[in-house]
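Each chain gets a letter, A, B and so on, in the order the sequences are listed, and its residues count up from 1.
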Protein chains: 2
Amino acid sequence: MTKSSATKKEDVLREFRVREILDATCRVVARNGFQGATVERVAEEAEIAKGTVYLYFQNKDELFTAAVEQGIQNFTGQVRTQVTEALTPIEKLQRLIEVSLELSDTYRDFFKTLLLERNFLAASPNHPEAAHMLDLYLAHIHFIEEIIQDGVRVGVFRPHNVEASAFVLNEAIRGCFQQRALGLTARPVSEDASILLDLFFNGVLNQHQNHEEPVS
Amino acid sequence: MTKSSATKKEDVLREFRVREILDATCRVVARNGFQGATVERVAEEAEIAKGTVYLYFQNKDELFTAAVEQGIQNFTGQVRTQVTEALTPIEKLQRLIEVSLELSDTYRDFFKTLLLERNFLAASPNHPEAAHMLDLYLAHIHFIEEIIQDGVRVGVFRPHNVEASAFVLNEAIRGCFQQRALGLTARPVSEDASILLDLFFNGVLNQHQNHEEPVS
DNA sequence: CCATAATGACTGTACAGTCAGTCACATGAC
DNA sequence: GTCATGTGACTGACTGTACAGTCATTATGG
């Protein structure tokens with residue numbers, strides 16, 4: 001019992017250290033990009049020695065993979081939780097966009113490189129880990145897809161290629177992240193969210209003048 | 001005269017070599033990512049010695065920057081040319097989407113990494129070149145923006161935040177590139193294009209008065 | 001006082017960038 | 001035609017450096 005408790009305490013400590021290092025990794029990558037992020041600098045940022053990093057991670061690749069994965073899971077997990085609370089598909093999508101954009105502020109460091117430098121999704125030379133990353137990404141899109149599908153089922157959304165629209169919506173949100181990360185917009189998050197929602201719901205066509213000549 | 005002609009010939013030869021090396025760079029990057037792309041491998045791919053690369057480019061960074069820049073300019077240039085031929089804003093957007101997606105096939109190698117590993121837009125440590133890249137990107141979005149703005153002016157598009165919709169459209173297209181690069185879709189390009197167009201024009205809401213036919 | 005965590009000097013390696021040397025070809029003299 | 005000589009494009013072995021990963025040593029706390 002005492003022993004089990006002791007083990008647990010060690011585990012907690014270990015987990016805490018792991019988190020600390022992963023957070024430091026995110027900060028360093030956000031500052032220098034994947035390219036310029038060395039284990040030494042991560043250690044410095046975490047205020048530990050380089051060797052210590054290797055007590056918690058096998059190698060550099062595992063460290064960076066874990067950092068990205070933790071970030072994705074944190075993000076999608078929180079979105080999922082908050083969105084699920086909403087009732088109707090429309091409310092859910094509203095929530096989805098709002099929460100996503102809000103979180104982009106919280107996880108600024110993480111997104112700055114995850115989204116701008118997303119090579120982790122591409123062919124990582126000899127790492128099947130990348131495939132798992134892709135799975136996480138696809139799972140999130142699938143989550144969005146189901147919300148929209150629900151909307152179609154109950155009739156608030158018109159029948160259309162749901163797979164595609166889920167994808168487009170996700171890309172649009174990602175695009176907003178990017179604009180923010182690059183400092184290209186000063187719009188408040190809520191405004192971005194409502195613009196996005198409006199576009200996604202209504203499109204850009206002038207419905208009244210749909211097939212007609214413009215008024216001259 | 002003879003001398004001037006000789007000089008011209010040398011220039012042409014030089015330009016040819018430069019192109020060859022840049023193309024090789026794209027192929028290598030497509031295969032190994034920016035990370036795994038070394039000057040040695042580029043030289044190998046171009047079937048020249050490593051030293052030769054340095055006869056045409058100051059250093060690795062200049063080489064890679066030039067490769068990306070050439071790619072962006074090729075792409076946006078071709079899109080611009082073809083889109084400008086169309087008359088109405090709707091036709092122009094149709095063209096934009098179609099041509100973009102078609103080109104993604106032509107420039108497959110280039111897009112595979114430009115779009116999946118886009119760190120070149122992010123803070124390149126000590127390179128103001130990155131800013132120029134950003135300019136090219138913004139110019140393209142602005143080009144789209146103007147088409148949509150035209151559409152609003154003549155009344156086919158409803159008044160809305162045009163800056164945002166241009167941006168969203170571009171991101172949606174980029175997303176399609178990505179899906180293709182990752183091999184996540186087997187849809188023909190034309191189908192992707194019409195789905196995208198339909199979504200962008202009409203949104204997903206079920207309009208109360210539906211006299212609509214999907215735009216194709 | 002032992003066990004475990006942490007350290008940082010050290011090693012090996014990969015790669016950017018250099019440069020002395022080679023080679024292919026052009027020009028011109030005979 | 002053929003040899004001599006000049007030119008510069010091209011080469012690849014070499015150098016310096018940055019960095020991943022190791023491990024003998026030291027600190028800590030239970």
Would you be so kind as to tabulate the donor-acceptor pairs closer than 3.5 Å made by side chains of residues 75-86 of chain B, with sequence neighbours excluded?
unit_1, atom_1, unit_2, atom_2, d
B:Thr76, OG1, B:Ile72, O, 3.0
B:Gln78, NE2, B:Tyr107, OH, 2.6
B:Thr81, OG1, B:Gly77, O, 2.9
B:Thr84, OG1, B:Arg80, O, 2.5

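- If you measure from atom CD of A:Gln58 to atom C1' of D:dA20, you get 14 Å, rounded to the nearest angstrom.
- A salt bridge links B:Arg17 to B:Glu20: one of the charged nitrogens lies within less than 4.0 Å of a carboxylate oxygen.
- Residue pairs that meet the salt bridge (charged side-chain N to carboxylate O under 4.0 Å, His left out) test with at least one member in residues 190-202 of chain A, sequence neighbours left out, are A:Arg180-A:Asp192, A:Arg187-A:Asp192, A:Asp198-B:Arg158.
- Atom CZ of A:Phe16 and atom P of C:dA5 are 16 Å apart (whole Å).
- Each side chain to side chain donor-acceptor pair (under 3.5 Å) pair with one or both residues in residues 44-58 of chain A, not counting sequence neighbours, appears once here: A:Arg27-A:Glu45, A:Arg31-A:Glu45.
- Atom P of nucleotide D:dG12 and atom CD of B:Glu44 are separated by 11 Å, given to the nearest angstrom.
- Residues that satisfy the side chain to side chain contact (heavy atoms under 4.5 Å, CB included) test with A:Ala66, not counting sequence neighbours, are A:Leu22, A:Phe57.
- Residues passing the side chain to side chain contact (heavy atoms under 4.5 Å, CB included) test with B:Thr106 are B:Leu103, sequence neighbours excluded.
- The separation between B:Glu40 atom CD and D:dA13 atom P is 10 Å, rounded to whole Å.
- Note: CD1 (B:Ile21) to P (D:dA9) measures 13 Å, nearest angstrom.
- To the nearest angstrom, P of C:dG17 lies 8 Å from CG of B:Asp61.
- In this structure, A:Arg41 places its CZ atom 9 Å from P of D:dA20, rounding to the nearest Å.
- Taking 4.0 angstrom as the limit, A:Arg17 places none of its side-chain polar atoms (N or O) nearer than this to OP1 or OP2 of C:dA5.
- Using a 4.0 Å heavy-atom cutoff across all strands shown, B:Phe57 reaches no nucleic acid atom at all.
- Proximity note for B:Tyr56 (side chain, C-beta onward) versus D:dG21, D:dC19, D:dC10: the nearest is D:dC10.
- Near-neighbour residues of DNA chain D inside residues 46-55 of chain B, defined by a heavy atom below 4.0 Å, number-ordered: B:Ile48, B:Ala49, B:Gly51, B:Thr52, B:Leu55.
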